[in-house]
Enquirer: 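Below is one structure. I have some questions about it.
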Amino acid sequence: MCSRWEEEKKEDGVKWTQLEHRGPYFVPLYEPLPDDVQFYYDGKPLKLSLATEEIATFYAKMLDHEYTTKEIFQNNFFNDWRKEMTSKEQKIIKDLDKCDFREIHKYFVDKSEARKALSKEEKQKLKEEADKIQEEYGYCILDGHREKIGNFKTEPPGLFRGRGDHPKMGMLKKRIMPEDVVINCSKDSKIPEPPEGHKWKEVRFDNTVTWLASWTENIQNTLKYIMLNPSSKLKGEKDWQKYEVARRLKDVVHKIRAQYRADWKSKEMKKRQRAVALYFIDKLALRAGNEKEEGETADTVGCCSLRVEHIKLHPRLDGQEHVVEFDFLGKDSIRYYNKVSVEKLVFKNLQLFMKNKDPADDLFDRLNTSILNRHLQSLMDGLSAKVFRTYNASITLQEQLKALTNSEDSVAGKLLSYNRANRAVAILCNHQRSTPKTFEKSMQNLQTKIDAKKQQVEEGQQELKKAEDEFEDTKDAKAEANVEKKKKLLKRLEEQLAKLNVQATDKEENKQIALGTSKLNYLDPRITIAWCKKFGVPIEKIYNKTQREKFAWAIDMADEDFEF
DNA sequence: AAAGCGGGCTGCCA
DNA sequence: CCCGCTTT
């Protein structure tokens, strides 16, 4: 079966035998502003040096955003900006409040308007240029296959934003130069050429990693990589492997649950904390929660890093017992808010863990992610905290599909069931989105369509009645045929109306839920493909082109009998 | 520290 | 696109 996904195995840790590529594509250099676009300091025009001007444009472009009004953003920006100024500029520009970027801002607004207003031909030309770059830099050769690269361009310089309340917001993200870049490829391949007049930082031939190029980013001092697109064989196999690990968890999860329940009564505090944390990770699909360096990142937490202030205990709430109220900022500073009725022993343990602690103290003070993951690894090979998220997401999809799908439904009805199953997963994983800006409007449009369709249905009913009356009178074959015709028409109209109603329901339910993340990262695609085959739903109704490329491995191997 | 997977949002396109 | 997090 599926040849491409089951080629010969490599030695342990070896990811490829051949890797050839052109290196990153460097974003264009800064183009100075036209002379009539000026920066003003203290009301007077001030000509800036090239480097200073470039950084000024970063700030100017952001003037519309609320975060440029934040003190931290402004301070970080101004600090970094001043570092890049000439000494003469430093002596003049001492107060951000006296800086006037409005003309520069307008210049970029106009520019982007002008870009939108380009003729079809001009836009076509731009697209062709982009395609050419994609064609040249966007692919590599890996073990004889031409594979798409994910991010082949270096990130442009700009101001760092970060998510949520990030202490580094506004800092200058520097331009990546070839001298910063480490190239990784195979020894006997055509080594990528650095841009004219430049050198790579290093060229290495490491076949135990999957990246093509890397550099250190200056905000957090961490590495960034150029890697393959999800459609690649390498990524596909990794994805497959991930779901296979989750499926192995399925076989032992009952045992693991029994054990952590037993551990709630352990004499060792450390074990108890581990068992309660694992319960949360399993039941609520929380992330592991590594500890983070204070002041370097936004204050967000996961399971192991929960603090006392993040939960409230209610012995009784809204008719339920032993309710834990969670309220904290998780990954990307997305709020996790949930009220959950838990087992009595969990509740008692939480009371114990919180005793004599300050709100800012760790809830699980004897636990961290490495302790937890070491324990999980001992329970099952390859098991770590995140596997529970994958497992629970996928098994939930499978169960929900089973419960919600009606084989008698139209394709539209089945799709609503699918989306509802997907939604259950997204809610479990807390994948949220802000209500789309256009939500109300598009909802209204849909409602207008529904009203119009209702009208048509009524008309169709009247026409059918008329035709039936006529047949009653005449009893002739022509009139009888007309009745059939009107019946068919009415049926079609009713189906169209039903479909629109289903769409409206789906849209409303999906207002603040993001389905994409779970679909892409947590749901074993074979579950979906099997469901599509079983119920005659075209795969394209669920997965768009990009998604089908990413899940090619699953489309290749899953039949309708697949069970997660 | 290094590697690589997971996340929400925006603009563009079919 | 540009970041945030987990795992090892």
Enquirer: What does A:Thr210 touch in the nucleic acid at a heavy-atom separation under 4.0 angstrom: a base, only the sugar-phosphate, or nothing?
Expert: sugar-phosphate
Enquirer: Please determine if a side-chain N or O atom of A:Thr517 lies less than 4.0 Å away from the OP1 or OP2 oxygen of B:dG6.
Expert: no
Enquirer: Closest nucleotide of DNA chain B for A:Arg389 versus for A:Asp206: which of these residues is on the 5' side?
Expert: A:Asp206
Enquirer: Provide the full list of salt bridge (Lys or Arg N to Asp or Glu O under 4.0 Å) pairs with a residue in residues 361-383 of chain A, sequence neighbours left out, each pair given once.
Expert: A:Lys357-A:Asp365
Enquirer: Could you check whether A:Asn419 and A:Asn510, counting side-chain N and O atoms only, form a donor-acceptor pair closer than 3.5 Å?
Expert: no
Enquirer: Establish, for the pair A:Arg548 and A:Tyr543, whether the NZ or CZ atom is under 6.0 angstrom from the six-membered ring centre and no further than 45 degrees off its axis.
Expert: no
Enquirer: Over how many whole Å does the gap from A:Asp524 atom CG to B:dC5 atom P extend?
Expert: 16 Å
Enquirer: Quick check with a 6.0 Å cut-off and a 45 degree axis cone: is A:Lys173 positioned over the face of A:Phe160's six-membered ring?
Expert: no
Enquirer: Under 4.0 Å between any heavy atoms, over every strand shown, what does A:Lys168 touch: base, sugar-phosphate, or nothing? Just pick one.
Expert: nothing
Enquirer: To the nearest Å, how far apart are A:Lys235 NZ and B:dG4 P?
Expert: 7 Å
Enquirer: Does the side chain of A:Tyr225 get closer than 4.0 angstrom to OP1 or OP2 of B:dG4 through an N or O atom?
Expert: no
Enquirer: Please encode protein proximity along nucleotides 1-8 of chain C as a string of B, S and -, counting only heavy-atom distances under 4.0 Å.
Expert: -BBBSBB-
Enquirer: Can you see if the side chain of A:Tyr522 gets near the phosphate of B:dC5 - specifically, an N or O under 4.0 Å from OP1 or OP2?
Expert: no
Enquirer: Base, backbone or nothing for each nucleotide of nucleotides 9-14 of chain B, written B, S, -, heavy atoms under 4.0 angstrom, 5' to 3'?
Expert: SS----
